[in-house]
Amino acid sequence: VSANNRRRFVTLLSSLGALAALAVLLFPLYAVIVASFETNSQLFGASHYSFFPSQFTLSNYRVVLSQQGSHLLSSLIVAVGTALLTLAIAVPAAHALARYQFRVTAFLVGSLLVAQILPSIVIANSLFLVYHKLHLLNSYPGLIIADASYAVPFGILVLRAFMLGLPRDVIAAARVDGATEWRAFTHVVLPMSRSAVITVALFGFVWGWGDFIFALTMLNGNTFEPVTLSIYTYIGEFSQNWGEAMALAVFAVLPAAMLIIAAQRYIAAGLTVGSVKGLPVLRRQLMHKQLWIRRPVLALAGVFLLTVAAAACSSSSTAGGGSSAAGKVTITEFDYYTGGANTALNTYNAQFMKAHPNITVQRTTVPYADLITKILQDASAGDMPNLMLIDNPDVPEVAATGQLVPLDSMPGFTTSGYTPGAISECTYQGKHYCYPIGANTIGLFYNKAMFAAAHLTPPATWAQLQADAKTLTTAAHYGIAFDATNDEQSTWQLEPFLWSNGGSLTNVSTPAVQQALQLWVSMVKDGSASKSVLTWGQDPDLTQQFLHAKAAMIIDGPWIFPELNAAGWKYNQEYGIVSIPVNRVGQTLITPLGGETMDIGAGGSAAQQQAAWEWIEGLQQPATMTRIASMMYYLPTKPAVVQQYLKGGPEYTAFAEEIQTARPRTTEFGSNYPKVSQAIWTAIQAAITGTASPASALQTAQGTISGIPKLGS
Amino acid sequence: VNQATVHARRPLREARRPAGPVLPLARQRRAARWLFLVPAAAFLVFAFAIPIFYNLALSFEQTSPATISHLTAPFAGLSNYTTALKNPVADSAIVRTFSFTVLSLLFQFLIGFGLALLFSLRFPLSRFARSLILVPWLLPLLVTGVIFKFLFQLQAGAVNQILLDLHFVHQPIGFEVDPGWAYLTVLITNVWIGVPFFAVLLHSALQDVPAELIEAAKIDGAGPWQRLVRIKLPVIRPVIEVVFVLGFVLTVKVFDVVIGLTQGGPANSTQLIATWAYNLSFQDFDYGAGAAMNTVLLLIALFAAPLYLWLNRESLQREGM
């Protein structure tokens, strides 16, 4: 009896242990599913994470279905393509390696084992350049071939191991009966290997579906995008939009979950390959399971149908490519605009084409991070778009390729009547390459109610900023939030502090720059700012913190106006904006100048270049400039136009003042600015995390910056 | 069709036909064997051989965005290696990749083996649990990274909430904003991904330990611990070795998880060789320096190659190598 009791006890204990292990292993999936049914204010308005939310919404799924269907379809095409290509390559090869004695068999099997070891990022780096030459970037065949590299070596090894176990005499008999090698392969070997073929197909599908490295490196344009890449874009651009990101993640996880349920045996069998004792296990698991085939096939069909249904729900927004007729000019235009700026550009294009019936503008939008890569690639290939809207710090780098048309010779080109920064940011080696489409910079947004409650006025100096931030910090909210992420945005946010204090990018190991960085570090250290500033981007992270009353002040720019408007926040009621504080009274505030520039690519015909110039010139007319700037939440680039502009938009007042003394980021380093910026944001992160003191972090940065050539050298 | 009929038929056929027809059959056979291999050989060359050798060539070239269209760039000697390796971020990424790999393997093995032992006991939920446990391993790695980024948030993050509710901590931990914790967070995520792989493989190996051996040991009076250390571990050692090598290969090239979770930050505290190489190539457009970093990664990964081949020697020897 006692032995029986003991056994029962062990059974109970192991069941509990297994349940606990499962709970830990599967909790992340539970959290994802729950979050996908929550609203953003549930996820961010609350100060607690709730394990069992009280209300559910389907809105995340509605948004994802309407926007991401085509991406799910792309993933499906890539996954099915990868599975099919893998089988087409692996099945015949495995058959040959299992059935015939080659002198090179051992070498080939060894190579396949080694091929499994090679890191994909190494392959991606070279394949990117090879694909560039072969025009395979941004194409399904290119991505599928790359993705097959995950599965082909594995597939050959699995299939061969399985086929080695097939009874040889059956194949021999088929041959003797007069079947050709091919017939013996298709009619005898293949049917007998069904289950191994399914295993390989499943892995090919799962790996093709889950690929991220190749999608990230091989796809630069907006031709198509698998769902892994769109999730990455989601957390990059909408990093506080977790509800939708998680709903999308549920879709991304679905195939794996379905396959596990339907075809666990095949997956487990595939896993055991590669282990010495794995081959007999594989055979044992697969040999007698021919009847299992229906379930994985059904699961695959299910995944397929679901994805197609999702894609059908989403409104397809593929733009039809226009072709140019005789006597007409077609110009290509590239930009990365979304939201209001996107509408603005479409409006202007329509207006422009109406006024110029012989000109067609073909617009292409590319994700922000990819535009400069794409343009530099096009420049090196001598195949530039006619018109492109380049972020202003990138202008020198593109101009340096010699693939931009200088505007000085264009009829009616002038530099008078513009803010100084608007002209200098477009100048490279004495020539003018662009006009800005608008200008912006950053200021200090503050919550009026919180300031009134604390009887405070907005700060003008660093000391006041620090004191106010401290006073305004409570259990419910922080005093201030800024952007200290590991990208250009954080350098851009520190620049007004270091420049106004007399610092320069050429030597950051100076007291002026150290004090600026120290100010940020102090505010994080004394708790006035969350350590999360290391991960909060300007928009929407900081905007969300501000709108959910989690931060009394944020450093941000006019691009957040649409979100504030949408939330019903009004200038001078819920929020106010002042210029960035300076260290000491009397210092001149120098903020960085932001905004895109309009550039003309070399290589087009004279008529195309002329048409592109007319497009740019059209935007210099005060009425058009005002209209487009307000739609894009920019400031006009002509002081005379700004005067009028402020009457309709008082919320731009602080920015308009700052713009007068704003500085383009490329003043000191030209095309090498991105490298300098990287050194500085690395120092910012090191100082705020406490890895290094501000002084030593900046000294390290200076070590990098000293090796970067300055402008003109 | 059994062996006997095959043997009985062959002489008949050969007798009926003149000596000639055997030859085309043999020739066809010889040609066909090679034809079966052509797609695979072409693919291996295109997707593996060319990229590896091209990467090596690139690492000695002075590349820039302007050289993309030419496939080759001016010779640069060792300058890519010196600039890439002189960077403190690169040095720490190399050291970190080592420590990350060792710690990942250690915990993946310990937890995975524990689960394997648990599942080899007989209890009602065993099969059900074993099938669900595979889910983490099959998720797209990037998605896993993003999910954990969500769980480990500072504000309103689930993990912090659990720790606060259990009174393990009084202040939320900055898992993603504190360099030390960020490293640990990526490590935990990677262990979560690898545990099912270890557990399933080790479980199936444990199933293969002959029952007679265990029974014999029991009769000899060996306790559970002695049976584990003296019988089971030695028997499944070959599997453990291979699992470690495969685990090493999977971890040393970790990329998606880091990108989804921390993107190498904060302050480059989670930068590994693969992510840093990506940064150099695709963020700084310095393909030469990226290729140099990749070569370092390749050399480390290929450490595993001879080991892996040796462990697979049986299946290679079968071919008369």
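Each chain gets a letter, A, B and so on, in the order its sequence line appears, and its residues count up from 1. Bear in mind the structure is a predicted one, so any value in this text is a computation, not a measurement.
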Handout entry: chain A contact via B:D165 - which portion, at a heavy-atom distance below 4.5 Å
Key = side chain

Exercise for the section: Select one option (side chain, backbone, both, neither) describing which atoms of A:V227 are under 4.5 Å from chain B's heavy atoms. Expected result: neither

Problem - Side chain / backbone / both / neither for A:P153 at chain B, heavy atoms under 4.5 Å - result: side chain

Exercise for the section: Against chain B, label A:V122 side chain, backbone, both or neither, depending on which of its atoms sit under 4.5 Å from a heavy atom there. Expected result: both

Handout entry: Rounded distance (nearest 0.5 Å) linking atom CG of B:L44 with atom CG of A:L112
Key = 5.5 Å

Handout entry: Top contributor to chain A interface from B:T262, B:I259, B:T275 [non-hydrogen pairs under 4.5 Å]
Key = B:I259

Handout entry: Validation row: B:F43, A:S149 side chains within 4.5 angstrom (heavy atoms)
Key = yes

Practice task
Could you look at A:V206 and say if it's the side chain, the backbone, both or neither that has a heavy atom under 4.5 Å from chain B?
Solution key: side chain

Problem - Pairwise distance CG(B:L142) to CG(A:L229) - rounded to 0.5 angstrom - result: 8.5 Å

Handout entry: Interatomic spacing from CD in B:Q153 to OH in A:Y49 - rounded to 0.5 Å
Key = 10.0 Å

Practice task
Examine whether an atom of A:V104 lies under 4.5 Å from a heavy atom of chain B, and if so say whether it belongs to the side chain, the backbone or both; otherwise answer neither.
Solution key: side chain

Problem - Spatial distance of atom CG (B:L58) from atom OG (A:S126) [nearest 0.5 Å] - result: 6.0 Å

Completion exercise
With chain A, the option among B:P39, B:G290, B:P266, B:A205 that has the most non-hydrogen atom pairs under 4.5 Å is B:P266

Exercise for the section: Among A:I117, A:N486, A:T689, A:L534, single out the residue with the greatest number of heavy-atom pairs under 4.5 Å to chain B. Expected result: A:I117

Exercise for the section: Look at the aromatic rings of A:W182 and B:F36 and report parallel, tilted or perpendicular, splitting at 30° and 60°. Expected result: parallel

Exercise for the section: Measure A:S530 against the heavy atoms of chain B and call it side chain, backbone, both or neither at under 4.5 Å. Expected result: side chain

Completion exercise
Of the listed A:A18, A:A21, A:P28, the one with the largest count of heavy-atom pairs under 4.5 Å with chain B is A:P28

Fill in the blank from the handout: Assert top hit (heavy-atom pairs under 4.5 Å, partner chain B, pool A:A686, A:G210, A:S15, A:A249) equals A:S15

Practice task
Sort out for me which of B:L121, B:V143, B:V38, B:V146 touches chain A most, counting heavy-atom pairs under 4.5 Å.
Solution key: B:V146

Handout entry: Part of A:I684 lying under 4.5 Å from any heavy atom of chain B
Key = neither

Exercise for the section: Start with the C-alpha distance between A:L118 and B:L302, add both sets of side-chain angles, then the distance that settles side-chain contact (heavy atoms from CB on, under 4.5 Å), and finish with yes or no. Expected result: CA-CA 7 Å; A:L118 301 176; B:L302 286 180; 4.0 Å; yes

Practice task
Hey, can you tell me if B:F282 and A:F128 have their rings parallel, tilted or perpendicular (30° and 60° cut-offs)?
Solution key: perpendicular

Completion exercise
Rounding to 0.5 Å, atoms CG (A:L216) and OH (B:Y278) come to a distance of 3.5 Å

Problem - Contacting moiety of B:P136, where chain A heavy atoms sit under 4.5 Å - result: side chain

Practice task
Mind ranking B:V159, B:V195, B:V135, B:I111 by heavy-atom pairs under 4.5 Å with chain A and telling me who comes out on top?
Solution key: B:V135

Exercise for the section: Supply the atom-to-atom distance B:F48 CZ to A:I123 CD1, rounded to the nearest 0.5 angstrom. Expected result: 5.0 Å

Handout entry: Heavy-atom pairs under 4.5 Å with chain B, option from A:A31, A:P674, A:A148 with the top count
Key = A:A148

Handout entry: Closest-packed option against chain A by number of heavy-atom pairs under 4.5 Å, given B:A277, B:A158, B:S281
Key = B:A158

Practice task
Considering non-hydrogen atoms only, spot the tightest contact between B:L298 and A:P119 and give its length.
Solution key: CD1-CD, 3.9 Å

Problem - Evaluation steps, side-chain contact (heavy atoms from CB on, under 4.5 Å), between A:K531 and B:D178 - result: CA-CA 8 Å; A:K531 259 205 162 187; B:D178 186 281; 3.3 Å; yes

Practice task
Please state whether the side chain, the backbone, both or neither of A:L12 comes within less than 4.5 Å of a heavy atom of chain B.
Solution key: neither

Exercise for the section: Heavy-atom distances under 4.5 Å only: say whether B:F53 touches chain A with side chain, backbone, both or neither. Expected result: neither

Completion exercise
Between A:Q685 and B:A267, the two heavy atoms sitting closest are OE1-N, 2.5 Å

Practice task
Go through the atoms of B:F248 and report whether side chain, backbone, both or neither lie under 4.5 Å from a heavy atom of chain A.
Solution key: neither

Practice task
Tell me, out of A:V10, A:L127, A:V152, who's got the most heavy-atom pairs with chain B below 4.5 Å.
Solution key: A:V152

Handout entry: Portion of A:L248 that has a non-hydrogen atom of chain B nearer than 4.5 angstrom
Key = neither

Handout entry: Shortest non-hydrogen contact between A:Q116 and B:K253, atoms and distance
Key = O-NZ, 3.2 Å

Exercise for the section: Answer yes or no: does atom CZ of B:F303 have more than 12 heavy-atom neighbours from other residues, nucleotides or ligands under 6.0 Å? Expected result: no

Exercise for the section: I would like to know whether B:L37 and A:Y100 meet side-chain contact (heavy atoms from CB on, under 4.5 Å); could you show each step before the answer? Expected result: CA-CA 11 Å; B:L37 280 180; A:Y100 312 122; over 6 Å; no

Exercise for the section: Would you check if B:L139 and A:L29 make a side-chain contact, meaning some heavy-atom pair closer than 4.5 Å? Expected result: yes

Practice task
Apply side-chain contact (heavy atoms from CB on, under 4.5 Å) to A:L25 and B:L115, showing your working.
Solution key: CA-CA 11 Å; A:L25 278 170; B:L115 287 178; 4.1 Å; yes

Handout entry: Between B:I236, B:T83, B:L132, the one whose heavy-atom pairs under 4.5 Å with chain A are most numerous
Key = B:L132

Fill in the blank from the handout: Note: vs chain B, highest number of non-hydrogen pairs under 4.5 angstrom among A:I213, A:T228, A:T682 is A:I213

